[in-house]
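This report concerns only the one structure given below.
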Amino acid sequence: MAAQDLLIRTLVELADSLVDDFDVVELLTLLTDRCVEALEVDDAGLMLAAPVGSDLRVMSSSSAAMFDLELYELQSSEGPCLDSYRSGEPVHNEDLHTTGERWPRFTPAAIAAGFQSVSAVPMRWRGTTIGALNLFRKGPGQLDDADLDAARAFADVATIAILQHKAALDARVVNEQLNQALNSRVILEQAKGMLAERANIDVDEAFDRLRAHARRHNLRLGAVAHDILAGTLTVDDIEPPAPFRGP
Amino acid sequence: MTSDRRARILERLYPTGEAKLEAARLGEVCAEVTGATGAGLMLMSGDAPRGSVATTDEVSTLIEDLQFSLGEGPCVDAYRFDRPILEPDLANPAVVRWVAFAGPAVAAGARAVFGFPLQVGAVRLGALNLYCDRPADLSVDQHADALVMAEVAAQALLIMQSHAPPDVLAIELERGSNFQHVVYQASGMVAAQLAVSVAQAMIRLRGHAFGHGRPLTEVAQDVVGRRLRFEDDPDANRQATQ
C-alpha cells in the first residue's frame with residue numbers, strides 16, 4: 001500500500017505542472033518516476049497513440065535503460081499496454097508465467113528483463129483512449145487495489161495534461177486566426193455599409209455586388225472590402241449585377 | 001485542487017463524451033459552475049469588444065451590449081488589465097468605475113458583476129462575464145472555479161475556431177452570437193456620408209448614441225434603415241423625414 005502523503009504530493013505536483021507552459025515529456029517522466037516511488041512497482045512506462053488511432057509509442061519510462069527496450073517496441077503489436085489501450089480496461093496483475101500464449105513475444109522479453117508480473121491502466125477521457133500506463137513488478141505477490149486505484153488517478157491526470165497541452169500548443173496560431181476572422185468580418189460589414197450608402201442600395205445588395213465583383217475578378221472578398229474602405233475601389237468600379245432578362 | 005475543478009467542469013461540458021460543444025452550452029456551464037445568475041463570453045481584439053458568443057439570459061445580453069456600445073465594463077477591464085475584475089455591488093460601489101455602464105446595468109437587474117480574462121497561457125481572446133441579481137462577493141471557492149472555468153472556456157473557444165477555414169469564424173461561434181454587424185455597416189455608411197474614415201464614423205455614431213441616451217445598436221439600425229443621416233456639422237444630425 002502506497003504512502004498516502006507521497007500519493008497526494010504527486011497528484012498536487014502533477015496538477016501544478018499543468019499551469020503555464022509545461023513540457024509534456026517532462027510531466028510524463030515525473031509521472032512514471034512517481035509510480036515507482038509511490039507504488040509497489042519496479043518499473044513504469046507510458047505509451048501513447050498520437051495521433052489517435054496510430055501505433056502506441058513509448059513516451060516515458062521510469063528507467064532510462066528501459067526506454068528503448070523492445071518491451072515497449074513490441075507493444076505496437078502485442079502486450080498489456082496494447083490490450084488496455086484497445087479495450088479501454090485495465091489489465092490486472094498478469095503473471096508472466098501464464099501469459100506465454102496471450103503475448104508470445106512480449107512474455108519472454110519481459111521475463112528476460114527480470115519481471116514477474118505486469119499491469120496496465122488505460123489513459124481515457126470519456127469515450128477516447130489515448131494510451132496506457134504500464135506497471136512492472138519483479139517480486140512475487142500482487143499489486144494491491146489501492147495501488148491500482150492510485151495508478152488510475154495518475155493516468156487520469158496525465159490524460160488531462162496531454163489533452164490540455166494539445167490545445168495550448170495551437171492557441172497562439174488559432175487566436176491569430178480568430179482575430180483575423182473577426183477583423184475580416186468587421187471590414188466586410190463596413191464596406192457593405194459604405195457601398196450601400198454610395199450606390200444608394202441596401203446592405204444585402206451591397207454584399208451581393210461585393211461578392212460578384214470578387215468572383216468576377218478572382219479576388220478575395222476581404223481584399224475587395226479593404227479596397228472599398230481605402231477608396232481605391234469606387235462605386236463605378238463595382239458593376240451592378242446584369243439586368244434580369246425575362247424568358 | 002485545480003485538476004479536480006477542471007475535471008468537474010469538463011464533465012459538465014461533455015456529459016455524453018461527445019466532443020461537440022455549442023458556444024451557448026459553454027455560457028450556461030460558466031453560470032452553473034460559478035453559481036452566478038448569468039454569464040456571457042465576449043470576444044475582444046485590439047482592446048475593443050468584438051462580439052458576444054454566448055449569453056445566458058436577457059440581462060447578460062444587455063451587459064455585453066452595453067460594453068460593446070460604451071467600451072467600458074467588467075469584460076473590457078478584465079481584458080485590458082489582464083486580471084479578474086470584481087464589482088460586488090454595482091449600485092453602491094466605493095468608487096464608481098464605469099460611469100455610463102453602471103446605471104443601465106443596475107436598472108436591468110445586474111447588481112454584482114465580474115470579469116475574468118479568457119486566456120490560454122499568454123494568449124488572450126476576450127473575457128468571461130458573470131453577474132448576480134443581488135449584491136454578492138465571490139467566495140474563495142467561486143473565484144477559483146471562475147478562474148479555471150475561464151481557462152477551460154478559452155480553450156474550448158479556440159478549439160471551435162481551430163476547425164474553421166482561414167479568415168472565417170467557426171460556425172459554432174457564429175451561431176447564436178451577436179457580433180453587432182449592423183453597427184459596422186452603419187459606420188461604413190456614416191463614413192461615406194461624412195467623407196471620413198470608418199474609425200471616425202464610429203466615434204460619431206457612439207457620440208450620437210451617448211448624447212441621445214440611445215443604445216448604439218438602435219442608432220445603427222436607424223442609419224442602415226435610412227431613418228437617420230449624419231451631416232458635416234456634428235451638432236446638426238437630423239432625423240430624416242419619412
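So that the names make sense, note that chain A is the first sequence line, chain B the second, and so on, each numbered from 1.
Looking at B:Leu157, neither its backbone nor its side chain comes within 4.5 Å of chain A, counting heavy atoms on both sides. Proximity to chain B is limited to the side chain of A:Leu229, based on heavy atoms less than 4.5 angstrom apart.
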For a quick test of your reading: what N or O donor-acceptor pairs under 3.5 Å do the side chains of residues 180-188 of chain A make, sequence neighbours left out?
| unit_1 | atom_1 | unit_2 | atom_2 | d |
| --- | --- | --- | --- | --- |
| A:Asn183 | OD1 | B:Arg50 | NE | 3.4 |
| A:Asn183 | OD1 | B:Arg50 | NH2 | 2.8 |
| A:Asn183 | ND2 | A:Asn179 | O | 3.3 |
| A:Ser184 | OG | A:Gln180 | O | 2.7 |
| A:Ser184 | OG | B:Asp167 | OD1 | 3.4 |
| A:Arg185 | NE | A:Glu189 | OE2 | 2.9 |
| A:Arg185 | NH1 | B:Glu174 | OE1 | 3.4 |
| A:Arg185 | NH1 | B:Glu174 | OE2 | 3.2 |
| A:Arg185 | NH2 | A:Glu189 | OE2 | 3.2 |
| A:Arg185 | NH2 | B:His181 | ND1 | 3.4 |

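Salt bridge annotation for A:Glu197-B:Arg229: present, with a cationic side-chain nitrogen under 4.0 angstrom from a carboxylate oxygen. Salt-bridge annotation for B:Arg6 and B:Glu151: present, with a side-chain N of the basic residue lying under 4.0 Å from a carboxylate O of the acidic one.
Between chain A and the residues B:Leu173, B:Val223, B:Val198, the most heavy-atom pairs under 4.5 angstrom are made by B:Val198.
Remark: the A:Asp43 side chain and the A:Ser62 side chain contain an N/O donor-acceptor pair separated by less than 3.5 Å.
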